[in-house]
Number of protein chains: 2
Amino acid sequence: MKKKSGPTIKTPKFRRISPQERRSRLIDAGLACLAKGGIRAFTMDNICREAKISRGLVAHHFGSKDALLAEVYAAVYDRMLAHLVPPDAASTDIVALVENSFSPSLLNGESLNIWLALWSEIASNPALRTEHRKHYALYREGIARLISATARDRGRTVDSYELATIFISLVDGLWLEQCIDSSVLSATRAKDVCYSVLETALGPLRRPASRSVAVTA
Amino acid sequence: MKKKSGPTIKTPKFRRISPQERRSRLIDAGLACLAKGGIRAFTMDNICREAKISRGLVAHHFGSKDALLAEVYAAVYDRMLAHLVPPDAASTDIVALVENSFSPSLLNGESLNIWLALWSEIASNPALRTEHRKHYALYREGIARLISATARDRGRTVDSYELATIFISLVDGLWLEQCIDSSVLSATRAKDVCYSVLETALGPLRRPASRSVAVTA
DNA sequence: TATGTAATTATACAGTTGTTCAACAAGAGG
DNA sequence: CCTCTTGTTGAACAACTGTATAATTACATA
C-alpha cells in the first residue's frame, strides 16, 4: 500500500506538544524504566526509547538526566501519598490506610525497583534528601492525626506520634521483606500484623471481611 | 634520588599472594566501593583502584564482576549475622540482639548504600534470591528460638514465629528510615520502640542502663 | 641456579554512557 | 501565503563500561 496520491499530503516526522505535557510523558517513561530494571535501566537510551523521542529532548526539557530523576522522585512520592491517603478525607480511616499500604499495586517487584533506586539517590543527593524529609514529615503527621482521632473516639489515650512512627516503620519493613521475597509473608498476614500492633493500643478495629479464597493444597 | 646502587637489588612490581587471600581482599575492595557510592560505584575501575591491582585480576579470580558481587553479598550477610548473633551463644539474649541491631556500625550511610545495592541485586538475580531466602530463614528461626526461650522462662505463651516476623520487619523498617534520614528518630528511641513491642508480649525486659548524654538544647 | 607455573600486568577492544550542538521543521501568528 | 519561535531531531563527542588476551614476572620447586 502506497501513500495517498494527494501531492499536498505529508506525514509529519514528529508532533510538537506542550512542554508540560512532554515533561509529564518523560517522567512517566523514566518511571517505567526504573520499574523494569531499577537504576541500571534508568539510562538516556532506555528512557528515550520508552518515550519514543530522540536523545536531545531530555536535556532540552530537564537539563540533565539527574534532574529528570529528581522529578521522577517527586512524582512517585505524590502518587504514593495520593494512593495511601485519597483526597476523599472522609473515607480515610486507619483500616483503609492499612489495606491501601498492602494493595497489589504497591506490593510488587516494580515498586521495589523504584523505591530502592530512589532511596539510593536520596542517600547521595542532599537536595532530594531535603525534599524527602519534608514529604515524610507530612506523611507521619497525617498518620499521627488519624491515630489520635481514632483513639479519641474510643476514649483511649495513646502517644500518637510514637505509634505513627512504629506503624510507618512496621509497614516499611513488612513491605520491604515481602517485595524482596513474597514467600516470607502473605499480604493478608502482613495486614494482620499491622492490625495486631494497632489494636494493642487502640482496641479492636473493624477489619474488612477477608475475601478468603479457598485454597486446596 | 636514584635507586640504590646495588646491582642485584630490585623492587618487585607486585607481590604474589595466595588466591584465597587475594579473593578476600577483592571482596573487601568491592564492599568498600559499594559503601562509598552504592551500585554506581561498584565498577571494575573503582574496585581495582581500591584494591590496588590491575583490571585483569578480577576476571582471573572471580570470572566476572557479577560473580564478585555475589561473593560480596555472601560476605556482607555473614558478617552481619556474626555481628547480630555473636558465636558466643550464651551472651545472645533478646536485649543484646536489639542493642546490636542499632549499633553505630550498622546504622550509617555506608551500610545503607550496601544493603540498597544488594537488595536491588537480589530482586533481579534468582541465584542471589535463593541464597537470601536461605539466610533469612535461618535468621528468623534463630530469633524465634530466642523469643520462645524467653517466653518459656517467664511462663508466657507467645506465637514466637509471628513475633519474630514482626520484630525483624520492625527492625528493618526502623533501621531503614533512620539510615535514610537520621533526624527522624534517634537510635535510643528506635531501641525503645523495639523493646516496647517485645515487652507487650514478653513482659518487662532488662534494658541496659542508657548511657544518657546530657543534651543542652 | 635453572625451570615451570600461575599470579599479575597492561593493552586492546567493542559497546554503552551522558552531554553538546548545529540543523531541521511543526505549528502558531501574521 | 510568509515568518518566526521553539520543540525536536540526529549525529558527533569524549569518557567510561566490562571483558578478553598476550606479555610479563614473582616465586615455589628442584
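All chains are named by letter (A, B, ...) in the order of the sequence lines, taking the proteins before the strands, and each is independently numbered beginning at 1.
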Under the side chain to side chain donor-acceptor pair (under 3.5 Å) criterion, do B/Asn108 and B/Ser111 qualify, and how do the steps go? CA-CA 6 Å; B/Asn108 53 52; B/Ser111 290; 3.2 Å; yes

For a side chain to side chain donor-acceptor pair (under 3.5 Å) check, start with the C-alpha distance between A/Ser103 and A/Asn100, then their side-chain angles and the critical distance, and finish with the verdict. CA-CA 5 Å; A/Ser103 73; A/Asn100 291 339; 5.8 Å; no

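- Nearest-nucleotide mapping onto DNA chain D: of B/Phe14 and A/Gly56, the residue sitting toward the 5' end is A/Gly56.
- Across the interface with DNA chain D, nearest-nucleotide mapping of A/Ile53 and B/Arg15 shows A/Ile53 to be the residue nearer the 5′ end.
- What separates CE of B/Met44 from P of D/dT19 is a distance of 6 Å, to the nearest Å.
- Between B/Asp28 and B/Arg79, at least one side-chain N (NZ, or NE/NH1/NH2) sits under 4.0 Å from a carboxylate O, which counts as a salt bridge.
- Within the 4.0 Å cut-off from OP1 or OP2 of C/dT19, not a single side-chain nitrogen or oxygen of A/Arg55 is found.
- Between B/Tyr77 and B/His132, the two ring planes are tilted [angle within 30° to 60°].
- The distance between atom CZ of A/Arg40 and atom C1' of C/dT16, rounded to the nearest whole Å, is 13 Å.
- Computed from coordinates, the A/Lys65 NZ to C/dT17 C1' distance equals 8 Å when rounded to whole Å.
- Atoms CG (B/Leu26) and C1' (C/dT8) sit 12 Å apart, rounded to a whole Å.
- Computed from coordinates, the A/Glu21 CD to C/dA26 C1' distance equals 17 Å when rounded to whole Å.
- When distances are taken from the side chain of A/Thr43 to each of D/dA26, C/dA25, C/dG18, the shortest belongs to C/dG18.
- For A/Lys13, taking side-chain heavy atoms from C-beta onward, the closest of the listed nucleotides C/dT8, C/dA7, C/dA26 is C/dA26.
- Taking the six-membered ring for Trp and the full ring otherwise, B/Tyr73 and B/Trp119 have centroids separated by 6.0 Å or more.
- Contact check, B/Arg16 against D/dT25: no side-chain N or O comes under 4.0 Å of OP1 or OP2.
- For B/His60 and C/dT8, the shortest distance from a side-chain N or O to OP1 or OP2 is not below 4.0 Å.
- Taking every side-chain heavy atom of A/Pro12 into account, C/dA26 is the closest of C/dA26, C/dT17, D/dT19.
- Residue A/Ser18 is out of contact with every strand shown, counting any heavy-atom pair closer than 4.0 Å.
- If you take CD1 of B/Ile39 and P of D/dG18, they are 10 Å apart, rounded to a whole angstrom.
- Rounded to whole Å, atom C1' of C/dT16 lies 17 Å from atom CZ of A/Phe42.
- Rounded to whole Å, atom C1' of C/dT19 lies 13 Å from atom CD1 of A/Ile47.
- Counting any heavy atom pair closer than 4.0 Å across all strands shown, A/Ala59 reaches a base atom.
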